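These notes are about the structure you will find just below.
Chain A is the first sequence line, chain B the second, and so forth, proteins listed ahead of strands; every chain is numbered from 1. Remember, predicted model here, so these are calculated numbers, not experimental data. Below, each value reflects all heavy atoms present in this structure, side chains not excepted, and no hydrogens, waters or symmetry copies.
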Number of protein chains: 2
Amino acid sequence: MENIKSETCRNGVEASLEIIVGKWKPIILLHLLHGGTQRFGEMKRLLPNITQKMLTAQLRELEEQDIIERKVYAEVPPKVEYSITEYGRSLYGILQQMHEWGVSHMEHMAKKNSR
Amino acid sequence: MENIKSETCRNGVEASLEIIVGKWKPIILLHLLHGGTQRFGEMKRLLPNITQKMLTAQLRELEEQDIIERKVYAEVPPKVEYSITEYGRSLYGILQQMHEWGVSHMEHMAKKNSR
DNA sequence: TGGGATACTATCATAAACGATACTATTGAA
DNA sequence: TTCAATAGTATCGTTTATGATAGTATCCCA
C-alpha cells in the first residue's frame, strides 16, 4: 500500500492496460514469452482465427512500445522474426499474477453459478 | 515460472482483464479501494465525464462479478452505497503492480520519444 | 510462362464500446 | 402545485475494435 492514488494511478494502470489489452495481445505475448522467437507465419498458425491484418497491427503496436523486436531478413521469400525484448520480459510478473488471479476467479464464478 | 502455458494462461489472463478493462473500471476500482464506501452520486462527481448510463453499467458488472457490493437504502430520495468486497480487495496486488509497471513504462516511452 | 512461398497492405464491412439526451418514480418542502 | 433531490432506464448516435477479402512484391523452380 502506498502512493497508488486515484489520479496518478489511473494513468499507470491504464498505461499497462494499453499494452496487454485486446483480443489478441495477451496470447501473442504469452506465445512469444514461452515459445521464444517466432516467424510471422508461425504466429499466424498458432492463432488460427486471427487475420493477417490484425496480427500485423498488434505486432506493430507491441514493437512501437518496445515490447517485442522485429527482425527482417533480406531473403526471398521474406522472413521476419519476432521476439520479446528484455524490456518486454518485465511484463512477465504482471501476466503471471493476472493468470493466477484469473484462474481462481474463474473457479469462483463457476462455484457461484452452480448454486 | 511454471504452469503459465499459452492455452490455460490465456484464459486466466483474459478473465482478469475482463474485470479491470474499460475506460472507467480501473478508476472506479481505485476510488472504491482508496476512498471506501461511496454513494452513486459521489462516484459520479469523482468521474466528471462519465454518463449515468455508463456508471450504472460498470457498477452492475462489477457487482455481478462479486468485486463490489451494492447496498440500497429504502429512503426517499434514494440512497445506494457501493463498496469493494473482501473478494474484490484481492485485486489490489494486480492493480498495484500494473500501476508501478505503467508508471515506469510511461517514463520509458517519454525517454524514447525525446531522443 | 506460370505457380508457390512469405509477409505484408488496402478497402470495405460488422460488432462492441462508449456517449448524449430525455425520461421515470418518490416524497418533503417552498 | 410545483420543484429539488437521487438513482436510476430508454433510445438513439458515434467511435473504436475487429473481421473478410483481395491485392502486392520478389525470386526460384518446374
Quiz item: What is the distance from CD of Q58(B) to C1' of dA16(C), rounded to the nearest Å?
Solution: 13 Å
Quiz prompt | Flag if over 12 foreign heavy atoms under 6.0 Å of CD, E18(A) | solution = no
Exercise. Among dT6(C), dC18(C), dA20(C), find the nucleotide with the atom closest to the side chain of R39(A).
Key: dT6(C)
Quiz item: For DNA chain D, what residues of residues 69-83 of chain A have any heavy atom nearer than 4.0 Å?
Solution: V76(A)
Self-check item: By salt bridge (Lys or Arg N to Asp or Glu O under 4.0 Å) - contacts of E64(A) (at least two apart)
Solution: none
Quiz prompt | R60(A) vs dT9(C): side-chain N/O to OP1/OP2 distance below 4.0 Å | solution = yes
Quiz item: What is the ring orientation for H108(A) with Y87(B), classed by angle as parallel under 30°, tilted 30 to 60°, or perpendicular over 60°?
Solution: parallel
Exercise. Salt-bridge test for E81(A) and R70(A): reply yes if a basic N is under 4.0 Å from a carboxylate O, no otherwise.
Key: no
Quiz item: Taking atom types as modelled and ignoring hydrogens, do the side chains of E61(B) and Q65(B) form a donor-acceptor contact shorter than 3.5 angstrom?
Solution: no
Self-check item: Residue-phosphate contact under 4.0 Å: K23(B) side-chain N/O, dT16(D) OP1/OP2
Solution: no
Quiz item: Are the charged groups of R39(A) and E42(A) less than 4.0 angstrom apart, N to O?
Solution: no
Self-check item: Interatomic distance, E14(B) CD vs dA17(D) P [rounded to whole Å]
Solution: 17 Å
Quiz item: Nearest-Å distance, CE (M54(A)) to C1' (dT16(D))?
Solution: 10 Å
Exercise. Sequence neighbours left out, what passes salt bridge (Lys or Arg N to Asp or Glu O under 4.0 Å) with E75(B)? Give chain and number order.
Key: none
Practice problem: Give K53(B) one of three labels, base, sugar-phosphate or nothing, depending on what nucleic acid heavy atoms sit under 4.0 Å from its own. | Solution: base
Self-check item: Whole-Å gap separating P (dT6(C)) and CG (L55(A))
Solution: 15 Å
Self-check item: Integer-rounded Å distance: dA16(C) P and W24(B) CH2
Solution: 22 Å
Quiz item: Between K44(A) (NZ) and dA5(C) (P), how many Å, whole number?
Solution: 15 Å
Self-check item: Whole-Å gap separating P (dA7(D)) and CD (E42(B))
Solution: 8 Å
Exercise. Could you check how far CG of L47(A) sits from P of dG19(D), rounded to whole Å?
Key: 11 Å
